[in-house]
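Right, one structure below, let's go through it.
Counting convention: from 1, in listed order, for ligands and their atoms alike.
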Amino acid sequence: MTIVELIERKRDGGTFTSAEIHWLISTYTADEIPDYQMASMLMAVFLRGLNARELAAWTTEMMHSGEVLDLSGIEKRKIDKHSTGGVGDKVSIPLAPMVAACGIAVPMISGRGLGHTGGTLDKMETIPGLRTALDPAEFKEILGNVGMVMAGQSESIVPADRRMYALRDVTATVPSIDLISASIMSKKLAEDLDGLVLDVKVGTGAFMKHEAAARKLAETMVGIGRSHGTPVVALLTDMNQPLGRQIGNANEIRESIDVLNGNGPEDLVEIVLALGCEMLRLGDAAPDDATARSMLRDTISSGSAMEMFIETVIAQGGDPVVIESPDLLPTAREQWHLEASSSGYVTSCDALELGTAALRLGAGRATKEDDIDPGVGIELAAKYGDEVNAGEVLATVTYNDHAAFETARPMVERAYALGNSRPPDRPLVIGTVR
Ligand code: URA
């Protein structure tokens, strides 16, 4: 078998046996297939796709390209949540401690922000001292002792994905439903989970701009879970506007602390509860949604979720003082307000424009090597459907670099549109795939 033969076959619409997929991924991981040939293969897969059997084999081979966690020593049910990425999406940060406080083990392996979408790790690392690079032994120890852990993917887990993702990123082959599904599911299945809840974002600020594509992605990932024997539930949720009112790394930690203190914005709390319900149900911790919701709400009113969060921060080396005094988290020096040019209703608060603006301010990275500025961000005073008066503040941008602000400013201006009548309500949860 040669790589050229396999590329030719996929290019012409053919299929691979499981043995061929094993050879392809293991040989690439062993550095015996050069990146230029793998890039060509990825483009062939992007254009021709993988059938369900090929996709299951591709995912399994990626998962076994490195270490697979063994969490068998943890008695609790182990349930994780993964988002396909959005703007202002800090859901994992309050969700993990709420679910863990209900007795589910949450072994959360998160990513960094790339492009206009933020990353949980960058946000968590704005807490001074907090480490997200944990080796598998430490990961397991914190999970066992505390009940949750929030870490980055270690070098040893799914190394094939790290290399393939880097190639996809520079060869226009990221937005393939098959490749995204295999990439996400191989990493999640390597966590030795009893169940997984996916938040598949739909809208301008998401990978998937339209419901049909998002549903296909959700169905594909749920199908991979099924073929692997791991129950997966996916919610399709709105990402036409940012989630919550804060965009930016320290900003989003502050807003997550608000949720844990019972003061979170309605839309963010709703998504946290909806995903949390599915996690409790998958973990057999609640018999129905109503019970699950009330258990999750109790973790806020009793303070048990906040205690869980503080314990996790301490276990990962972070300074818990900032949780009690979020003003100590990084901020930026300068502020600019976008004001409403007329009275009316907000008919657009566009996630892509605002996410891209935050990226330009330094909240995200255009390439993996970029540093982020933890203190910059955008606070949304008005969101879709809100009634505003002329001159009222719609959004506040906080920044450090004036030139960066000048490139971001027109994007923030373009993100907002005002109209004379209240726009139709948009559901936050668009659908569920089981
Ligand atoms: N997130 C991933 O982990 N992989 C992809 O391919 C896309 C989003």
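- Of all non-hydrogen atoms in T2 and W23, the two that sit nearest each other are C-CH2, 4.1 Å.
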Sub-3.5 Å pairs, protein N or O with ligand 1 N or O:
residue	atom	partner	partner atom	Å
ligand 1	3 (O)	K187	NZ	2.5
ligand 1	4 (N)	S183	OG	2.6
ligand 1	6 (O)	R168	NH1	2.9
ligand 1	6 (O)	R168	NH2	2.9
ligand 1	6 (O)	S183	OG	3.4

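- Residues passing the salt bridge (Lys or Arg N to Asp or Glu O under 4.0 Å) test with R163 are D31, D35, sequence neighbours excluded.
- Residues that satisfy the salt bridge (Lys or Arg N to Asp or Glu O under 4.0 Å) test with R226, not counting sequence neighbours, are absent from this structure.
- At least one donor-acceptor pair closer than 3.5 Å links the side chain of K78 to the backbone N or O of I74.
- Residues satisfying the salt bridge (Lys or Arg N to Asp or Glu O under 4.0 Å) criterion with D386, sequence neighbours excluded, are R245.
- Scanning both residues, R77 and D194, for their nearest heavy atoms gives CA-OD2, 3.4 Å.
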